[in-house]
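The structure appears right after this line, and notes come after that.
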Protein chains: 2
Amino acid sequence: MGERADAARNRAAILDAAESLFQRADLDHVSLERIAQVAGVGKATVLRRFGDLLGLVDALIAPRVAALQDRVRSGEPPLGPGGDPVARLHAYLDALLDFVLDSRTLIRALEHYGPYAYYANPASQFWIGELTDRIRAARPTVDAGYLAHAVFTALRADVVDYLQQHRHMDAERIRAGVHSLADPRLTDPPARPDERNPA
Amino acid sequence: MGERADAARNRAAILDAAESLFQRADLDHVSLERIAQVAGVGKATVLRRFGDLLGLVDALIAPRVAALQDRVRSGEPPLGPGGDPVARLHAYLDALLDFVLDSRTLIRALEHYGPYAYYANPASQFWIGELTDRIRAARPTVDAGYLAHAVFTALRADVVDYLQQHRHMDAERIRAGVHSLADPRLTDPPARPDERNPA
DNA sequence: TCCAATATGGTCCGGCGGTCCGCTTAGGCA
DNA sequence: TGCCTAAGCGGACCGCCGGACCATATTGGA
């Protein structure tokens with residue numbers, strides 16, 4: 001048997017309330033009680049549905065994550081499978097940054113619970129693994145494992161938020177920075193194309 | 001008049017207790033009450049001395065920060081003033097990473113209070129400013145403002161901790177990664193020395 | 001219509017950071 | 001040396017949190 005009608009209604013109300021609260025307020029002022037109150041349910045209902053606040057945030061992010069994972073796993077190149085390795089790397093960086101810019105409040109909520117809630121999230125593991133692969137394919141000579149983590153860290157929602165809100169960098173400056181972080185050949189030694197083979 | 005003897009004793013006891021607790025336990029299990037208890041004083045005594053927990057952590061880190069700032073501002077080159085710009089950059093990165101490795105538990109405690117407690121800290125502003133200058137001097141063609149923040153983020157205590165504890169990267173791998181993040185010319189186009197002038 | 005399975009939410013619990021205020025103690029001074 | 005006041009002190013208290021509990025209300029198939 002499916003979910004009871006009232007349960008479904010409450011689930012939706014809770015998700016709506018949580019999303020709007022996370023968008024609106026400072027993270028520390030979003031409490032379980034407040035979410036329940038805005039959703040018009042009791043605290044216990046929120047917890048029974050989602051386990052804890054982390055589970056609730058997970059449920060909010062899940063569809064966005066799934067959408068991007070689909071495009072990465074089976075969409076059009078260069079974001080999807082196939083295409084030039086360098087183009088694949090940069091398309092992926094663009095997609096990740098767009099995802100972060102779009103979901104920043106939810107991601108920050110996720111980061112807010114537990115020190116490694118962000119990295120530990122299965123989706124993040126996927127992002128990092130994919131990033132590692134694409135860096136390795138595009139730049140065989142670097143430590144892709146480390147660089148992937150460094151780039152992914154530069155794409156943390158709190159970092160991006162900080163650069164925008166407090167250092168007044170716009171999205172395109174950050175985007176350019178991330179690209180050249182992952183692949184400095186584009187910007188640093190200016191104009192030296194087609195020298196990928198060491199010897 | 002100076003500080004009363006009992007006050008000085010308590011200040012020292014509190015600092016000791018806090019430091020050892022931050023070293024030993026998970027951050028969330030270090031509470032004001034626990035610190036006071038270990039120090040053998042009341043909670044109010046801790047707060048009167050240091051304002052709040054953030055102030056206490058600040059007081060713990062301050063001497064380490066001051067020591068490094070001295071070396072940077074008036075020590076021997078290349079960490080101190082003077083010397084080759086590239087060497088200055090790399091000496092600085094080494095010093096920053098050593099500082100983080102050495103003070104990681106305290107820095108993580110600092111990061112634990114407030115989302116931007118780390119970046120907002122005056123010392124961090126100094127580190128980032130200095131890093132920006134050194135990147136700009138060593139690599140005039142890149143966006144030093146962005147890159148400095150990205151590198152500094154890669155040096156966050158929580159990030160370094162994560163890479164060591166959960167991804168099993170040793171300190172030297174991280175060190176190499178940070179260096180090549182800040183100056184990819186060293187590693188990426190392999191073995192191409194002395195081509196610093198674009199034309 | 002009925003009733004068992006399911007969903008619900010007010011109440012309670014332990015613990016937190018931080019404040020308050022009556023009590024204790026240190027230490028300068030006569 | 002002894003006293004007295006300013007400084008230091010800490011346990012009780014406040015408001016708030018996330019989460020557990022369980023008596024009650026609701027749903028929807030038989």
Side-chain angles (χ1 to χ4, degrees), chain A residues 1-19 21-22 24-60 106 108-117 120, chain B residues 1-19 21-22 24-60 106 108-117 120:
Chain A
M1 180 183 115
E3 190 176 44
R4 242 168 65 170
D6 54 344
R9 230 181 303 124
N10 282 335
R11 150 174 284 127
I14 291 165
L15 289 172
D16 282 354
E19 176 139 15
L21 280 177
F22 281 130
R24 191 182 333 281
D26 330 85
L27 274 181
D28 322 275
H29 297 132
V30 177
S31 70
L32 173 60
E33 195 155 22
R34 187 99 186 84
I35 293 172
Q37 181 184 336
V38 170
V41 303
K43 294 193 296 176
T45 302
V46 176
L47 294 175
R48 198 170 339 97
R49 245 357 119 210
F50 301 101
D52 56 15
L53 282 180
L54 193 68
L56 172 55
V57 178
D58 254 331
L60 282 170
L106 294 180
R108 294 209 51 186
L110 190 65
E111 290 169 344
H112 192 251
Y113 303 110
Y116 296 132
Chain B
M1 181 182 113
E3 188 177 46
R4 241 168 68 170
D6 53 345
R9 233 181 301 124
N10 281 336
R11 150 175 285 127
I14 291 166
L15 289 173
D16 282 354
E19 176 139 16
L21 280 177
F22 281 129
R24 191 180 336 280
D26 331 85
L27 273 181
D28 323 274
H29 297 132
V30 177
S31 69
L32 172 60
E33 195 154 22
R34 188 99 185 83
I35 292 172
Q37 180 184 338
V38 170
V41 303
K43 294 192 297 176
T45 302
V46 177
L47 294 175
R48 198 170 336 97
R49 251 344 127 218
F50 301 101
D52 56 16
L53 282 180
L54 194 68
L56 172 54
V57 178
D58 254 331
L60 282 170
L106 295 180
R108 295 209 50 187
L110 191 66
E111 290 169 343
H112 193 250
Y113 303 110
Y116 297 132

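Just so it is clear, the model here is predicted, and its values are computed rather than measured. Quick note on labels: first sequence line is chain A, next is B, and so on, each numbered from 1.
- Residues of residues 5-15 of chain B that place a heavy atom closer than 4.0 Å to DNA chain D, in numerical order, are B/Asp6, B/Ala7, B/Asn10.
- Residues meeting the side-chain contact (heavy atoms from CB on, under 4.5 Å) test with B/Arg34, sequence neighbours left out: B/Leu21, B/Ser31, B/Gln37, B/Val38.
- Of all heavy-atom pairs between A/Asp28 and A/His112, the closest is OD1-NE2, 3.4 Å.
- Near DNA chain C, defined here as any heavy-atom distance below 4.0 Å, the residues from residues 43-56 of chain B are B/Lys43, B/Ala44, B/Leu47, B/Asp52, B/Leu53, listed numerically.
- Atom C1' of nucleotide C/dA4 and atom CZ of A/Arg4 are separated by 11 Å, given to the nearest angstrom.
- Rounding to the nearest 0.5 Å places CG of B/Leu32 at 4.5 Å from CG of B/Leu47.
- Partners of A/Tyr116 by ring-ring contact (aromatic ring centres under 6.0 Å, His included), not counting sequence neighbours, listed by chain and number: B/Tyr162, B/His166.
- Heavy-atom minimum distance, B/Val57 versus B/Leu110: CG1-N, 3.8 Å.
- By the side-chain contact (heavy atoms from CB on, under 4.5 Å) test, A/Ala36 is found to be paired with A/Val41, A/Lys43, A/Val46, residues two or more places apart in sequence or in another chain being considered.
- Nearest heavy-atom pair across A/Arg108 and A/Leu27 is O-CD1, 3.4 Å.
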Please tabulate, one pair per line, all N/O donor-acceptor pairs under 3.5 Å involving side-chain atoms of residues 6-17 of chain B, not counting sequence neighbours.
| residue | atom | partner | partner atom | Å |
| --- | --- | --- | --- | --- |
| B/Asp6 | OD1 | B/Arg4 | NE | 3.2 |
| B/Asp6 | OD2 | B/Arg4 | NH2 | 3.0 |
| B/Arg11 | NH1 | B/Glu3 | OE1 | 3.1 |
| B/Arg11 | NH1 | B/Glu3 | OE2 | 2.0 |

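- Partners of B/Ala18 according to the side-chain contact (heavy atoms from CB on, under 4.5 Å) rule, which considers only residues two or more places apart in sequence or in another chain, are B/Phe22, B/Ile35, B/Leu56, B/Leu60.
- Direction change of the helix axis from one end of the helix from C/dT1-D/dA30 to C/dA30-D/dT1 to the other is 10°, with five pairs defining each end axis (rounded to 10°).
- Computed from coordinates, the A/Tyr113 OH to D/dG19 C1' distance equals 13 Å when rounded to whole Å.
- Less than 4.0 Å separates DNA chain D from no heavy atom of any residue of residues 29-38 of chain B.
- Residue pairs meeting the side-chain hydrogen bond (donor to acceptor under 3.5 Å, both in side chains) criterion with at least one partner in residues 47-60 of chain B, sequence neighbours excluded, are B/Asp58-B/Asn121.
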